[in-house]
2 protein chains.
Amino acid sequence: MIVEDQHLMRLALVHELQAAIPACVVHAAATIATALELIEANQFALILIDPGLPGYDPRSEMDRLQTISTVVERTPAAIHIVITGAESAQEWEEVRTIGVAGYIAKNSLKPGTMTAILQTIADHGCCVGLMHETSMSPEVYHAVLSPREQELVQWMMQRPANISRKAIYDQLGEHLNIDAASAERYYKRARAKLLKFGQLPESL
Amino acid sequence: MIVEDQHLMRLALVHELQAAIPACVVHAAATIATALELIEANQFALILIDPGLPGYDPRSEMDRLQTISTVVERTPAAIHIVITGAESAQEWEEVRTIGVAGYIAKNSLKPGTMTAILQTIADHGCCVGLMHETSMSPEVYHAVLSPREQELVQWMMQRPANISRKAIYDQLGEHLNIDAASAERYYKRARAKLLKFGQLPESL
DNA sequence: GACGAAAGTGACGGCGTTGTCCCTATTTGC
DNA sequence: GCAAATAGGGACAACGCCGTCACTTTCGTC
């Protein structure tokens, strides 16, 4: 079950969870009230919860903790992970004492990370992901590209000047489990598309 | 350009924007520093910005406003939309005076809403979407279903008891611009899949 | 018993993405 | 100058999703 009030984030979490756990069923609630309804009617194995729900003051530490403990108390059989936009090491210490297994900052939650988080919990019993201030390089998204093509372009644009494109193809081939030659043709097709639509960045 | 620190939300906003504006190029930054880099190198037509960035205190109204005005001042030609997780009517009044056209709560931002927001700004010059406390009905997501099938199941589960399924098929046909008969077969295929995987909810 | 609503199955063409393979110029580096 | 790297093109089968069409059976109700 996922408890999160922001629609887009809720959707994203659903997809992350589905990507991490094949053939699963995910229930989602936007409010505590809805979450409690779901708890009444179902048995959950895993619960993601964001304590910043409407109706509660997100600045009030008490409201946040109460939101979490309300859910945790009613679902003793589940594994609980807190997904928060305003994380603090102190809050993690507090929620772990009431039985929460994971404490993840929305900042540090990247696409595909969910698998690693669940694995860490399975291995060590808990998992913490506080904000890591990696000054991200800028991202560019072109609507005309398919996801694969998009990914190839992203990689290629981060290429240091002293690395040959061929080396990138090899890296990608290994990383995506495809032929390096295929990666090369993806990049070329992507480049052709961008050229066709006049969207070619000068960094290429 | 999108300025948003949470990866998943940033990704979601990119997709929303791409869905609303066909064949567009979207640049994304996770920090103010990255955003300013992008501003130096590009001319943007539309900028989405979340004032709750790391390094600034999200509780400090001054930090939030400064984040926004820093970007707005450097991009006078662009349309600016603030996307915030902690909205207030007062903050909207303040940012509109410095030239922000839209003020949208993450709470009220649903998939597909971006088109309407941009249209409203085009028509009236500005658009406000504060939190609307519609107590959402619970959602269920099955990983084995395709998006269409998922959508059909979602609609069917919200069906009041006194409405025939056939009426739902008609509604869906109209809503999705497909045959009511096709909608019926989607639902049936979805149900067959759920039955096969033992994920059939009792509300069916 | 007849009729309509609902359930259960099978099949088809179109489309986009994916991953593969092949061929040819042009440019770069040693 | 020669070989490797880069740029550019076209074609292919496989797969999944979408939308459509056809057929059978069961159930409840009037």
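Small disclaimer: the values here were computed from a predicted structure and weren't measured. Protein chains get the first letters and strands the later ones, always in sequence-line order, with residue 1 at the start of each. Reckoned from all heavy atoms, side chains included, excluding hydrogens, waters and symmetry mates.
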Whole angstroms only, please: what is the CD1-C1' distance between A:Ile163 and D:dA5? 15 Å
What nucleotide, of D:dC17, C:dA6, D:dA22, holds the atom closest to the side chain of B:Pro147? D:dC17
Hey, which sits more toward the 5' end of DNA chain D by its nearest nucleotide, B:Asn177 or A:Ala192? A:Ala192
Where is the tightest heavy-atom contact between B:Val82 and B:Ile68, given as atom of each residue plus distance? CG2-CD1, 3.9 Å
Measure up the B:Phe44 and B:His27 rings against each other and bin them: parallel (under 30°), tilted (30 to 60°), perpendicular (over 60°). perpendicular
Is any side-chain N or O of A:Ser164 closer than 4.0 Å to OP1 or OP2 of D:dA5? no
When you check the phosphate oxygens OP1 and OP2 of C:dG16, does a side-chain N or O of A:Arg148 lie under 4.0 Å from one of them? no
What is the distance, rounded to the nearest whole Å, between atom CE of A:Met156 and atom C1' of D:dA5? 12 Å
Does B:Arg185 make a side-chain N or O approach to OP1 or OP2 of D:dG19 shorter than 4.0 Å? no
Which nucleotide in the list D:dG19, D:dT6, C:dG19 gets nearest to the side chain of A:Glu184? D:dT6
With a cut-off of 6.0 Å (strictly less than), are more than 12 heavy atoms of other residues, nucleotides or ligands near CD of B:Glu93? yes
Nearest-angstrom distance from the residue atom CG of B:Leu176 to P of D:dC17: 17 Å
Among the candidates C:dT18, C:dA7, D:dT20, find the nucleotide nearest to the side-chain atoms of B:Tyr169. C:dA7
Where the side chain of A:Asp179 is concerned, which of C:dT18, C:dC21, C:dA7 is the nearest nucleotide? C:dC21
Checking side chain to side chain contact (heavy atoms under 4.5 Å, CB included) against A:Leu46, which of A:Thr75, A:Leu118, A:Val26 comes through? A:Leu118
Does atom CD1 of B:Ile79 have more than 12 heavy-atom neighbours from other groups under 6.0 Å away? no
Report the distance from atom CD of B:Glu149 to atom P of D:dG16, rounded to the nearest whole Å. 13 Å
Counting only heavy atoms not in B:Gln158 (residues, nucleotides, ligands), do more than 12 fall under 6.0 Å from its CD? yes
Using a 4.0 Å heavy-atom cut-off across all strands, classify A:Ala181 as base, sugar-phosphate, or nothing. nothing
State which of D:dC18, D:dG8, C:dA7 makes the closest approach to the side chain of B:Arg191. C:dA7
Look at the side chain of B:Ser146 and decide which nucleotide, out of C:dT17, D:dC17, D:dA22, has an atom nearest to it. D:dC17
N/O (side chain, B:Tyr186) to phosphate O (OP1/OP2, D:dG19) under 4.0 Å: yes
What's A:Lys188 touching, base or sugar-phosphate or nothing? Going by heavy atoms closer than 4.0 Å. base
Would you indicate which nucleotide in C:dT20, D:dA5, C:dA5 comes nearest to any side-chain atom of A:Ile178? C:dT20
Whole angstroms only, please: what is the NZ-P distance between B:Lys193 and D:dG16? 10 Å
Choosing from C:dT20, C:dT18, C:dA5, which nucleotide comes nearest the side chain of A:Arg189? C:dT18
Tell me: CG of B:Leu145 to P of D:dC18, nearest whole Å? 11 Å
